[in-house]
Amino acid sequence: MSAIQRRPLFGGNWKMHKVTADAEAYCAKLPGLVGESSAEIVIFPPAPLLRSVSAALRGSSIAVGGQDIHPDSAGAFTGDVSAVQLVDAGCRWALCGHSERRRDHGETDELIAGKGLAAVASGLSALICIGESAAEREAGRAFEVLERQLAGALAGRPEPFALAYEPVWAIGTGKTATPETAQETHEFIRDALSDLIGQAAAASKRIVYGGSVNPENAASLIAKRDIDGFLVGGASLDPDQFSAIIRSCGS
Ligand code: 13P
């Protein structure tokens, strides 16, 4: 599997941060900081900023994605956003099943499968998030949980997609997974993926890591064979930090 070249993927998940003025200042700076990166770079702003961020990044190589989508393309779903609307706002990607959505909105594996399918049906790439809690890892159940989340989210076989492994205990805590733990887990995920979609397809898929990634720890993580980039939260809010992460990975 290691002979396959996978283009590094760096996502900046802004979560519920920033207003238009901050976003515009950010977008005026980021393309110059990343220069001619060979990586795929995607910013995930909150829904009200999608259109202005897409407009500000037009002409750059940096793509935009939504942080969530509803499985239906339209309807009476107050507060929700459809994949069709994300495309209309200039998006090329959608996050599906972030742990904060699972935790705060009760998202199930089945619902996340529907989101992934809705994304790809509209021409978006799905970045599907999986990750175990601290209690699950301490109980020795991390792999079992990841396998269930993976099979559930991919039940409808969405394509194209990438995976984000984000251990809940590492998100926003400053407790990054060690490169060894992250690699061991990514390798497990790739093997589980192989059982689902076949070895060649699994070998070509990006599996990015998320959880307290910063410019100091990024290079040692991406040096590992099965780590193909990052989904960055806090450190993606600052264009200097986010671009430093990308540059420290040689992209
Ligand atoms: P932090 O980088 O702030 O830990 O967040 C990770 C994350 O949840 C990205 O989706």
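Note that ligands are numbered from 1 as they come in the structure, with each ligand's atoms numbered from 1 the same way. Computed from heavy atoms alone, side chains included, the values below leave out hydrogens, waters and symmetry copies. The structure presented is a predicted model; accordingly, all values stated were derived computationally and were not measured.
Scanning the protein heavy atoms around atom 2 (O) of ligand 1, the nearest turns out to be G233 N, 2.9 Å. Looking from atom 7 (C) of ligand 1 to the surrounding protein, the closest heavy atom is E166 OE2, 3.1 Å. Scanning the protein for heavy atoms near atom 3 (O) of ligand 1, the closest one is G234 N, 2.8 Å.
A side-chain donor-acceptor contact under 3.5 Å links Y165 and E132.
Heavy atoms of A170 found under 4.0 angstrom from ligand 1 belong exclusively to the backbone. Contacts of N13 with ligand 1, taken as heavy-atom pairs under 4.0 Å, involve the side chain alone.
Heavy-atom contacts of L231 reach the following atoms of ligand 1: 9 (C), 10 (O) (cutoff under 4.0 Å). Residue H98 has at least one heavy-atom neighbour below 4.0 Å for each of these atoms of ligand 1: 7 (C), 8 (O), 9 (C), 10 (O).
The shortest N or O to N or O distance between I171 and ligand 1 is not below 3.5 Å.
Both L163 and V232 sit in one connected hydrophobic cluster of ILVMFWY residues. Membership requires side-chain heavy atoms under 4.5 Å apart, directly or through other members.
Nearest approach of E40 to R7, heavy atoms of both residues: N-NE, 3.6 Å.
Side-chain atoms of K115 and H70, non-hydrogen and from C-beta on, never get closer than 4.5 Å to each other.
In this structure, K18 is not positioned above the aromatic face of Y26 in the sense of NZ or CZ being under 6.0 Å from the six-membered ring centre and within 45° of the axis.
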